[in-house]
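See below for the structure under consideration.
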There are 2 protein chains.
Amino acid sequence: MDERAGTPAWRAANWLASAGLRPTRQRLVLAELLIGDGNDRHVTAESLYEAACGTGTNVSLATVYNTLRSFTVAGLLTEITVDGTRSYFDTDVSDHAHFYWEDDGRLTDAPLGAVQFERLPDPPEGAEIAKVDVVIRLRRS
Amino acid sequence: MDERAGTPAWRAANWLASAGLRPTRQRLVLAELLIGDGNDRHVTAESLYEAACGTGTNVSLATVYNTLRSFTVAGLLTEITVDGTRSYFDTDVSDHAHFYWEDDGRLTDAPLGAVQFERLPDPPEGAEIAKVDVVIRLRRS
DNA sequence: CTCAATGCAAAGTATTTGCAACCGA
DNA sequence: TCGGTTGCAAATACTTTGCATTGAG
């Protein structure tokens with residue numbers, strides 16, 4: 001076991017390795033920003049890009065987009081569409097509902113198991129349910 | 001009662017009137033395409049624009065966009081975001097879940113009452129639930 | 001007549017792509 | 001070395017906006 005086990009950098013490297021993705025400099029930076037501290041995170045390409053710029057490493061916005069897509073295809077992230085104007089990416093790949101704060105465009109996880117379906121429709125003939133997206137839109141009260 | 005009561009044109013005019021929107025030529029055309037036959041419909045700006053062109057009336061794509069937005073603000077339509085790349089508008093304003101056919105990008109209504117929640121999370125402090133969006137993604141099986 | 005609605009083109013915003021330079025295995 | 005990655009700029013897709021013209025009340 002590496003002496004750096006458990007460090008953000010180590011987590012990031014392992015995360016990439018688990019998906020068979022090459023650990024390039026920019027991927028490691030982005031991965032560390034995403035899961036370095038072990039917490040789940042919701043980002044947009046833009047927000048992650050800004051965070052990456054803050055680290056001093058040179059990363060282009062296009063690469064952030066491409067990387068987020070690669071991570072998603074590899075199963076490391078889920079893409080969430082709530083707003084139409086931008087895509088959110090979630091480091092929590094498990095099936096769960098989201099809170100969308102309409103006032104500031106923030107996306108957070110709904111408490112685990114908070115949403116339970118009593119009934120779901122049967123899929124129409126010739127189709128199967130791939131996924132059920134639940135977005136709970138919140139407004140300041 | 002107008003002798004034309006029940007005709008598509010009459011429905012369209014009434015629909016606009018109920019929202020206090022001026023019955024201009026293009027709004028009437030679009031309204032008739034949307035609810036003229038009394039059925040619910042799911043459209044994108046592009047699909048509605050094409051349909052409108054087929055009627056021979058001169059309508060610009062920008063006007064379709066602006067009109068769909070006006071109708072939505074007026075409460076005649078709901079905007080649905082499933083895909084990120086385009087907005088769908090639904091003539092059924094009631095709260096209901098949708099089927100999204102991933103293969104051809106089509107959007108349809110889930111059977112009424114097909115989705116029942118056993119449990120919904122309490123809204124976080126200082127917020128209230130504005131709306132719960134449920135999109136059931138279907139894949140050909 | 002007056003002000004809202006429209007058409008068109010130009011501007012925006014979010015995202016993807018083409019291609020040469022680069023770098024990790 | 002070799003093929004996957006990156007950066008940049010240009011391209012794309014969708015939607016909104018500015019402004020002069022039109023039309024409904």
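What you see is a predicted model, and the numbers here were worked out from it, not measured in a lab. Chain letters run A, B, ... following the sequence lines, proteins first and then strands; every chain starts at 1.
Residues B:Trp101 and B:Thr108 have side chains in contact (heavy-atom distance under 4.5 Å, counting atoms from C-beta outward). Counting heavy atoms from C-beta outward, A:Phe71 and A:Leu34 have side chains that approach closer than 4.5 Å. Here the side chains of B:Arg41 and B:Asp90 are not in contact, with every heavy-atom distance at 4.5 Å or above.
One interatomic measurement links the two molecules: CG of A:Leu28 to C1' of C:dG24, which rounds to 11 Å at whole-angstrom precision. C:dG7 atom C1' lies 10 Å from atom OH of B:Tyr49, rounded to whole Å. When rounded to the nearest whole Å, the span between CG of B:Leu16 and C1' of D:dG25 equals 15 Å. The CG-P distance, from A:Leu21 to C:dG24, rounds to 15 Å in whole Å. Put simply, CZ on B:Arg27 is 19 Å from P on D:dT22, counting in whole angstrom units. When the P atom of D:dC14 is taken as reference, atom CG of A:Asp83 falls 17 Å away, rounded to whole Å. In this structure, CG of B:Leu48 is placed 12 Å from P of D:dT15, rounded to the nearest angstrom.
Within a heavy-atom distance below 4.0 Å of DNA chain C, the residues of residues 86-93 of chain A found are A:Arg86, A:Ser87. Of all the residues in residues 53-69 of chain A, A:Ala62, A:Tyr65, A:Asn66, A:Arg69 reach under 4.0 Å from DNA chain C with at least one non-hydrogen atom.
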What N/O pairs connect the protein and nucleotides 10-12 of chain C at under 3.5 Å? Give each pair on its own line.
none

Verify side chain to side chain contact (heavy atoms under 4.5 Å, CB included) between A:Ser70 and A:Leu76, making sure each step is shown before the conclusion.
CA-CA 9 Å; A:Ser70 303; A:Leu76 295 178; over 6 Å; no

Given the rule in the side chain to side chain contact (heavy atoms under 4.5 Å, CB included) test, do A:His42 and A:His98 qualify, once you have shown the distances and angles that lead to the verdict?
CA-CA 10 Å; A:His42 300 83; A:His98 289 99; 3.5 Å; yes

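With hydrogens and angles disregarded, no donor-acceptor distance shorter than 3.5 Å links the side chain of A:Arg139 to the backbone of A:Asp103. A donor-acceptor contact shorter than 3.5 Å is absent between the side chain of B:Ser47 and the backbone of B:Val43. A donor-acceptor contact shorter than 3.5 Å links the side chain of B:Asp37 to the backbone of B:Asn39.
With 3.5 Å as the limit, one finds a donor-acceptor pair spanning the side chains of A:Glu79 and A:Ser87. Between the side chains of B:Tyr88 and B:Asp83, no donor N or O sits under 3.5 Å from an acceptor N or O.
When the side-chain nitrogen and oxygen atoms of B:Thr24 are compared with OP1 and OP2 of C:dT6, one or more of them lie within a distance under 4.0 Å. A close approach under 4.0 Å does not occur between any side-chain nitrogen or oxygen of A:Arg25 and OP1 or OP2 of D:dT6. Dashed line: the shortest gap from a side-chain N or O of A:Gln26 to OP1 or OP2 of D:dG7 is under 4.0 Å.
In terms of heavy-atom proximity, B:Gly84 sits nearest to A:Thr81 at N-CG2, 3.4 Å.
The stretch residues 50-62 of chain B participates, sequence neighbours left out, in these side-chain hydrogen bond (donor to acceptor under 3.5 Å, both in side chains) pairs: B:Thr55-B:Thr57, B:Ser60-B:Thr63. Pairs of residues two or more places apart, or lying in two chains, that qualify as side-chain hydrogen bond (donor to acceptor under 3.5 Å, both in side chains) and include a residue from residues 114-136 of chain B are A:Arg137-B:Asp133, B:Lys131-B:Asp133.
In terms of hydrophobic clustering, with Ile, Leu, Val, Met, Phe, Trp and Tyr side chains grouped at heavy-atom distances under 4.5 Å, B:Leu138 and B:Leu107 are assigned to different clusters.
Minimum atom distance to the side chain of A:Arg22 is reached by C:dG24, of the listed C:dT15, C:dG24, C:dA5.
Axis angle across the helix from C:dC1-D:dG25 to C:dA25-D:dT1, with five pairs used at each end and values rounded to 10°: 30°.
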